[in-house]
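In what follows, chains are A, B, ... by sequence order, proteins preceding strands, each numbered from 1. Computation of the quantities below employed the complete heavy-atom set of this structure, encompassing side-chain atoms and omitting hydrogens, waters and symmetry-equivalent molecules.
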Protein chains: 2
Amino acid sequence: MPARASSRTSESSDKVSVICRALRRAIIEQALEPGAKLPEDALGERFGVSRTIARHALGQLAAEGLVELRRNRIAVVATPSWQEARDAFDIRIELERLVVRQLAGKLTKAQIAELNAHVDAEDRARGGTDAVSIRLATEFHILLAHMTNSPILVRYVSEVAYRCCLTLSLYSRPHSTECAINEHRAIISALAKGDAAKVMELMHHHLDSVANRALVAPTPQRGRDLLDILAPYADEVTSDRVVKLPKIARRG
Amino acid sequence: MPARASSRTSESSDKVSVICRALRRAIIEQALEPGAKLPEDALGERFGVSRTIARHALGQLAAEGLVELRRNRIAVVATPSWQEARDAFDIRIELERLVVRQLAGKLTKAQIAELNAHVDAEDRARGGTDAVSIRLATEFHILLAHMTNSPILVRYVSEVAYRCCLTLSLYSRPHSTECAINEHRAIISALAKGDAAKVMELMHHHLDSVANRALVAPTPQRGRDLLDILAPYADEVTSDRVVKLPKIARRG
DNA sequence: AGCGCTCGAATTGCATGCAGTTTGGGGCCC
DNA sequence: GGGCCCCAAACTGCATGCAATTCGAGCGCT
């Protein structure tokens, strides 16, 4: 059985979804950096909708972990901690091993062609900006997930992949896409051969090496992170006894 | 290292979150059955808020997969297909294996006591309704996830566990909680011993057996599912050429 | 100059109103 | 009697308005 029927994965075509998609893309391409402010008015005006819609979109993005929402405060692009980034990658590894396990030996010729075409596109994009390369690499993984025809799996892989994208932009240095592309090709060929164990191992190694290249060290908190450093220590105060930190961290 | 600092997992205390929690619970306790209608007005009135808020809550729940939202139509409690249920369990197995792998040998005495206390509560609830038993069993798994202190993992495990809860209520028969409780105890003791491989195996078997007990067969589509049966066949039409099905399926 | 304080502008939280769509029931025709 | 159509009621999609809160620039004090 090559595939189940394709299924509507919510996210239809109402205005909220459109804005979500636009923002998601802007975030993973780093047009919007982590910490960037997202006022409802501004979004609404930019996309030609009311605050209500913009607000709703921010809610969805927050549920996906791409945006941070604090009561009465301007929404900002999420700034995952190093630990959260590591957690995301750990989850991603398990999910994507599941993806390729389900897919091994089950792909049609057309699907394999589609995957190869995508990697070709990645190849062509090597001259372009890092952001586009990263986006394409991420979309390769999402394309794989789609081929399982499991809407739930698609959703989780997409979400966690986007989150990883986000952390890459935070903690990663230059980023060599070369080997990633080769690894993608290796995965495709192992999938075609139908060697489930092999392809799971390849995927595991692929993601692990991406993670390790990116999340180099428990990074001595570069930049804005003073608040994060202090957060654990302030964590025992009850939520109403909020510690008013002195103004240290500059804001985006 | 027993634990990282506890972290705010969104879902603070605004009205939207309150409604989400209430509905979530109502759904997993089957007070609201799959297919039940959720009109914005009614929710708003019941919870003393405006439609805006109710609507937003429904949006969140839809993102979690507990509610189905179709444009211009009343929201309904999700009715996962058998295949979706199976997919959810597959994902859940991988995620929870990750949970116990991270937890094995890392739990404090206090945490083990907390787990045991929870299972005791499950035990005491055996006389009560099925719905409560199922909820408690689910909450055991979520409690485990919390102990990893990985907010992302907590979120995914919670979501997928709730989804499984929902499918249990759809496809499962009487449900014997006995063995589940014993399996929970076995997992706790293996966690305490720190045998990661063993506990992963236990968790895998536990969830697999719950799934198999529940999702007995590719169920010959009992009840409402005529539309689902036909869906794949209608799937090649483009979205504007919608096939108008004759009025067959009665609605909730 | 540096620090804190205050107050207007910016922004969010939420309710309400209006327009467009869906729903379902009653009447009409066969 | 059964099927079809039409229409009012129900409901959603979305914008706007108002109150409450936060933000941040400027002012005065040290």
Side-chain angles (χ1 to χ4, degrees), chain A residues 10-23 32 35-63 67-77 224 227 239-240 242-252, chain B residues 10-23 32 35-63 67-77 224 227 239-240 242-252:
Chain A
S10 66
E11 196 84 357
S12 43
S13 64
D14 52 319
K15 303 194 180 183
V16 173
S17 308
V18 172
I19 297 180
C20 276
R21 268 194 291 273
L23 287 180
L32 291 171
K37 293 181 184 178
L38 302 168
E40 297 173 359
D41 296 333
L43 294 180
E45 190 178 1
R46 184 67 190 79
F47 289 103
V49 298
S50 77
R51 279 204 311 121
T52 308
I53 304 306
R55 179 183 187 73
H56 204 87
L58 287 173
Q60 297 296 319
L61 260 11
V67 159
E68 274 165 25
L69 230 42
R70 271 142 61 218
R71 190 181 169 85
N72 279 322
R73 283 189 171 69
I74 299 181
V76 296
V77 176
R224 82 182 67 245
L227 286 143
S239 58
D240 45 19
V242 176
V243 173
K244 195 80 173 190
L245 288 171
K247 52 171 80 167
I248 301 177
R250 54 109 226 274
R251 37 195 336 107
Chain B
S10 66
E11 196 85 356
S12 44
S13 64
D14 53 316
K15 303 192 180 184
V16 173
S17 308
V18 172
I19 298 181
C20 276
R21 268 193 293 271
L23 287 179
L32 291 170
K37 293 181 182 178
L38 303 169
E40 298 173 357
D41 295 331
L43 293 179
E45 190 178 1
R46 184 66 191 79
F47 289 103
V49 297
S50 75
R51 277 203 314 122
T52 309
I53 305 304
R55 179 184 186 71
H56 204 89
L58 287 173
Q60 298 295 317
L61 259 13
V67 159
E68 275 165 23
L69 230 42
R70 273 145 57 220
R71 190 180 170 84
N72 279 324
R73 283 191 172 69
I74 299 181
V76 296
V77 175
R224 83 181 65 245
L227 286 145
S239 58
D240 45 17
V242 176
V243 172
K244 196 78 170 192
L245 287 172
K247 51 173 81 167
I248 301 177
R250 55 107 226 274
R251 37 198 335 106

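- Taking atom CG of B:N72 as the reference point, atom C1' of D:dT12 lies 6 Å away to the nearest angstrom.
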Collect all protein-nucleotide pairs involving nucleotides 14-17 of chain C in which both atoms are nitrogen or oxygen and the distance is under 3.5 Å.
unit_1: C:dC14; atom_1: N4; unit_2: A:R51; atom_2: NH2; d: 3.3
unit_1: C:dA15; atom_1: OP1; unit_2: B:S50; atom_2: N; d: 3.3
unit_1: C:dA15; atom_1: OP2; unit_2: B:S50; atom_2: N; d: 2.9
unit_1: C:dA15; atom_1: OP2; unit_2: B:S50; atom_2: OG; d: 2.5
unit_1: C:dA15; atom_1: N7; unit_2: B:T52; atom_2: OG1; d: 3.2
unit_1: C:dT16; atom_1: O4; unit_2: B:T52; atom_2: OG1; d: 3.0
unit_1: C:dG17; atom_1: O6; unit_2: B:R51; atom_2: NH2; d: 3.2

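- Comparing the helix axis at one end of the helix from C:dA1-D:dT30 to C:dC30-D:dG1 with that at the other, each defined from 5 consecutive pairs, gives an inter-axis angle of 0° (nearest 10°).
- Across the protein-nucleic acid pair, A:L43 atom CG and C:dT12 atom C1' stand 13 Å apart, rounded to whole Å.
- Checked options B:I19, B:L43, B:V18; the residue passing with B:V49 is B:I19 (criterion: side-chain contact (heavy atoms from CB on, under 4.5 Å)).
- Both A:I74 and B:L38 lie close to DNA chain D; mapped to their nearest nucleotides by heavy-atom distance, the more 5′-ward contact belongs to B:L38.
- Summarising the geometry, the separation between CG on A:D41 and C1' on D:dG17 is reported as 13 Å, rounded to the nearest angstrom.
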Margin query: Apply side chain to side chain contact (heavy atoms under 4.5 Å, CB included) to residues A:E68 and A:R73 and explain how you reach the verdict.
Written below: CA-CA 10 Å; A:E68 274 165 25; A:R73 283 189 171 69; over 6 Å; no
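- For the pair A:E68 CD and C:dT12 C1', the computed distance is 17 Å after rounding to whole Å.
- Separating the CZ atom of A:R73 from the P atom of D:dG24 is a distance of 11 Å, rounded to the nearest angstrom.
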Note to self: Test side chain to side chain contact (heavy atoms under 4.5 Å, CB included) on B:V67 and B:V76; report intermediate values, then the result.
What the structure shows: CA-CA 6 Å; B:V67 159; B:V76 296; over 6 Å; no
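- Nearest heavy atoms, A:G59 versus B:H56: CA-NE2, 4.2 Å.
- In terms of phosphate contacts, A:K37 brings no side-chain nitrogen or oxygen within less than 4.0 Å of OP1 or OP2 of C:dT12.
- Between A:E40 atom CD and C:dT11 atom C1' there is a gap of 8 Å when expressed in whole angstrom units.
- Here the shortest heavy-atom pairing between A:G44 and A:A54 reads N-CB, 3.9 Å.
- Minimum interatomic distance between B:C20 and B:A57 (heavy atoms only, all atoms of both residues): SG-O, 3.7 Å.
- Regarding A:R70, its CZ atom lies at a distance of 14 Å from the C1' atom of C:dT11, rounded to whole Å.
- Of all heavy-atom pairs spanning B:I74 and B:L38, the tightest one is CG2-N, 3.7 Å.
- Ion pairing between a basic and an acidic side chain is recognised when a charged N comes within 4.0 Å of a carboxylate O; B:D41 and B:R51 show such pairing.
- Listed by first then second residue, pairs satisfying salt bridge (Lys or Arg N to Asp or Glu O under 4.0 Å) with a partner in residues 52-62 of chain B read B:E40-B:R55, not counting sequence neighbours.
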